[in-house]
Amino acid sequence: MRLGVAMPAALAALAGGILAWYSHAAGVTSNAFGWVLVAALLIVAWQPRRVIWLLMGLWVFAGVQQEWTSRLPAGLSGEDIAVEATVLNAQSSGDATRLMLRVDSCQGPAQRPRCSVINKVRVTAYSDEAFYPGEQWRMTLRLRPPSGFANPGTFDYEQWLWREGIHATGYLRQDPPPVRLASAGPSLRQLGVSFLARQALDERTKRWLAALTLGDSEQLTQDDWSLLNATGTTHLVVISGLHVGLVTSFVLMLAKFGARLTTPTNWRMRAWPWWVAAVACISYATLAGMAPPAMRAMVMTLIGLWVLSGRHAPSPWQGWWLAIALVLLVDPLALWRPGMWLSFVAVAWLITIWQGRRRPQGIKGWCWALVRSQLLLAPLMAAAVLVAFGRIAPAAPLINLVAVPWVSSIMVPTALLGWLLSPVPFLGHALWWLFEAALNIFHWLLSLSVQHWPLWEPDRPLTYPLAFALLLLSLCWGLPAVLPGMRLAATALVVALPWWSLSSMTPQQGLRVSVHDVGQGQLIELRSEHYRLLYDTGPRFRGGFMPLETLWSPGQRFDQVIVSHADNDHAGGVNALLAEHQVTQWTAPAGETLPIASRACQRGQTWQRDGVNYRFLWPPAGANALSPNDRSCVLEVSVGEHQLLITGDVSTEIERRFLLEVDSPVSMLVAGHHGSGTSSGVQFVRHTAPEHVIFSAGRDNPFQHPVDAVVRRFRDQESCLWSTALDGALRFWLEAARPFEVKTTRPRSGRRNRC
């Protein structure tokens, strides 16, 4: 493909991906759109260049459509499937191992849909077996279609699974036990990781060496990622142009030196050093997993080599468009990866602000170029991150002014040279010791900045205006021929907008209630103007993951946390609250075993905050011989004519004991025990007559909550039914004289008994 058609090729690839997405969203069959593209191909067949573009668009279209059709069929959800699979990745997490598997063959239950459509799955193994990338195993999996929690403003796990080409999730069955069929073949990355594991280095140093030099970013812990996200430095640990460019430049320098030794009279005319550098560039990007940033860097570096070698001089924009086209052709799902677009936007802006300018000269010139690039790039990237993730790192521009040269000039070179000289006794280890010292300084800098300028998540109404202001600031200072007054006005707008938004906000009236989607568990947030309360903390899974960790950035403050009882699905997130947040007061039933000092919830306790009335209806004061479920704290919340009732996991017998204290009808009821048949008795349902009912349950949970009998009882009362399993997180307001409205995170069409 010639460079002159790079932009049309990229646009054709983009059109193919967008058309595939639209066809799925609109419910149109892929065959229909396929025939449309084929017809268009035949119409313009007399122009070969257009045919090439259409073929590229059709390729991307087919790749995206194939992913839509490769999801685990619903009929196989929760069924045992025997597979022979190759381990792509294995990551330890607590007492579990998270496996990424390529399914080579599979056998599902008879009279069920075929499982041959699935190719890549992500499962958790609660086993003592050691798994290594490249091994082939025979195992039995229990799978479900890829899904995730749906909470506003949080990481979309389901979307991530789709764009990573993962067709199912689940866990490894222990009976029958897994059998290793073949050991891992030679893998350069795995050999490197194993070599690092044997070195006498700090564990953090090993993790960062693997991420920075081998592209194995999954070695980094959740704490590492939290620190990088909070400081806006995540891009520094992704193998991209920095790493690929350094490796290519170093190999080119060595190859030129070799050419000068072998052919001293005409070494400048030799082409083989450039070819060696190109091979090194491709090899290193492949070692890094050929992720979109690495692939983009590889393409741009190869074009740069071509230009510097004197063969041709295409414009930087042609290389940029060519990189987009090649990335989408190799990986059509990259179109939906935020990291890809953040990478391409950054490169496009760097091309814009440096196009037509002279190359920097001397150390002073290069230092000024670095400072100018970072200052002009920072507001644009902040705007992009704000739109993509809803958060912003206030100190990111200043941190990156120090972190970028520190990582690029000290950490990455010492890390790479350590690998190169690792066969030399002591020398390679000495370089890695220098890397470890530089890493400690880098880590200290990030930790210090987080303490003084923590990650900021602005209110949703402020997100897009602030992003527009940051974009305007970047354009005004980066583009030529912009009046100084406009630049000052854009700067003032960015500074004034957050202040104006905070000062002009009307005081929050009433109570905002959020029933979060945490799977088979419960976590409810109640927030008024000066008071923030949590009822339950969600579950903790066997692998150590707590959904509460994904809901808020560290450093949140809660005035009160009520743990209804100590069962894992209600108290599993207590450790996350203790580790990352501040809680003024804990409340739990007397006699519960929890790692906190708590005040006992007792029948008859009342308090008021911001005009909202709170009252405990259960359990009775003092010690009791009730089961943990029946000791649950039952909370009634009232605002004006609206009432919210949360009953924990109490049984139908306990419901009858406090029934007469409930004023009916109830505006919103969080159904007891996730919709289990042990709660929500007939008498209780008839007396409370709730207008709305929420079932806090997990999708495809093994208990089949909510059970049919309970659902029918509420439907007989003409209640409007909601479920976190289907609707995601639910949010509503309790405010006097304000209409009652429930907002969902995952809207459903065709709901029965919709309100």
Discussion item. Classify the ring geometry of Phe344 against Trp341: parallel below 30°, tilted from 30° to 60°, perpendicular beyond 60°.
Written reply: tilted
Practice prompt. Tell me, yes or no, whether the heavy-atom count around Arg144 atom CZ, taken from other residues, nucleotides or ligands under 6.0 Å, exceeds 12.
Written response: no
Worksheet item: Could Glu67 and Arg163 be called an ion pair, given the rule that one side-chain N must be under 4.0 Å from one carboxylate O?
Response: no
Discussion item. Whether the side chain of Ser632 engages the backbone of Asn629 through a donor-acceptor N/O pair (distance < 3.5 Å, no angle test) should be reported.
Written reply: yes
Worksheet item: Once the angle between the rings of Trp552 and His516 is folded into 0 to 90°, is it parallel (under 30°), tilted (30 to 60°) or perpendicular (over 60°)?
Response: perpendicular
Worksheet item: Sub-3.5 Å donor-acceptor pair from the side chain of Glu525 to the main-chain atoms of Leu534, do we have one?
Response: no
Discussion item. Check whether Asn151 reaches the backbone of Asp517 with its side chain - one donor and one acceptor, N or O, closer than 3.5 Å.
Written reply: yes
Fill in: Test item: His581 side-chain N/O and Gln556 main-chain N/O as donor-acceptor pair under 3.5 Å
yes
Fill in: Parallel, tilted or perpendicular: rings of Trp21 and Trp68 (30°, 60°)
tilted
Practice prompt. Please report the C-alpha distance between Gln560 and Thr587 in whole Å, then the side-chain angles of each, then the deciding distance to 0.1 Å, and finally whether the side chain to side chain donor-acceptor pair (under 3.5 Å) criterion is met.
Written response: CA-CA 7 Å; Gln560 185 173 357; Thr587 304; 2.9 Å; yes
Practice prompt. Answer yes or no: is there a donor N or O on one side and an acceptor on the other, between the side chain of Thr724 and the main chain of Ala697, under 3.5 Å?
Written response: yes
Discussion item. Could you tell me if the side chain of Leu99 sits less than 4.5 Å from the side chain of Val123, heavy atoms only?
Written reply: yes
Worksheet item: If you take all heavy atoms of Val639 and Glu735, which pair is closest and at what distance?
Response: CG1-CA, 3.9 Å
Worksheet item: Taking atom CD of Gln159 as the centre, does the number of heavy atoms from other residues, nucleotides or ligands within less than 6.0 Å exceed 12?
Response: yes
Discussion item. Consider side-chain contact (heavy atoms from CB on, under 4.5 Å). Of Leu635, Ile694, Val666, Val670, which one does Leu644 pass it with?
Written reply: Val670
Worksheet item: Where the side chain of Asp536 meets the backbone of Gly538, is there a donor-acceptor pair that is under 3.5 Å apart?
Response: no
Practice prompt. State, without any angle test, whether Thr169 and Arg122 hold a side-chain donor-acceptor pair at a distance under 3.5 Å.
Written response: no
Worksheet item: Is there a donor-acceptor pair closer than 3.5 Å between any side-chain N or O of Asn568 and the backbone N or O of Arg540?
Response: yes
Worksheet entry | Basic-acidic side-chain contact under 4.0 Å: Arg142, Glu79 | no
Worksheet item: Cut-off 3.5 Å, side chains only: do Thr584 and Arg557 have a donor facing an acceptor?
Response: yes
Worksheet item: Is the closest side-chain heavy-atom distance between Val574 and Pro595 below 4.5 Å?
Response: yes
Worksheet item: Donor-acceptor pair, Ser679 side chain versus Ser676 backbone, under 3.5 Å?
Response: no
Item to complete: Carefully, step by step, assess Met100 and Lys120 under the rule side chain to side chain contact (heavy atoms under 4.5 Å, CB included).
Response: CA-CA 7 Å; Met100 192 81 76; Lys120 189 177 179 182; 3.8 Å; yes
Worksheet entry | Parallel, tilted or perpendicular, as decided by the 30° and 60° cut-offs, for the rings of His570 and His674 | tilted
Discussion item. Is the shortest side-chain heavy-atom distance between Asp727 and Val742 below 4.5 Å?
Written reply: no
Worksheet item: Any donor and acceptor pair, going by atom type alone, linking the side chain of Glu158 with main-chain N or O of Ser147 inside 3.5 Å?
Response: no
Discussion item. Evaluate Thr537 against Leu577 for side chain to side chain contact (heavy atoms under 4.5 Å, CB included), listing each step before the verdict.
Written reply: CA-CA 8 Å; Thr537 64; Leu577 284 171; 3.5 Å; yes
Item to complete: Mark yes when over 12 heavy atoms from residues, nucleotides or ligands other than Tyr157 sit less than 6.0 Å from its OH; otherwise mark no.
Response: yes
Fill in: Any donor-acceptor N/O pair, Ser719 side chain to Leu721 backbone, under 3.5 Å
no
Worksheet item: Less than 6.0 Å separating the ring centroids of Tyr614 and Tyr531?
Response: yes
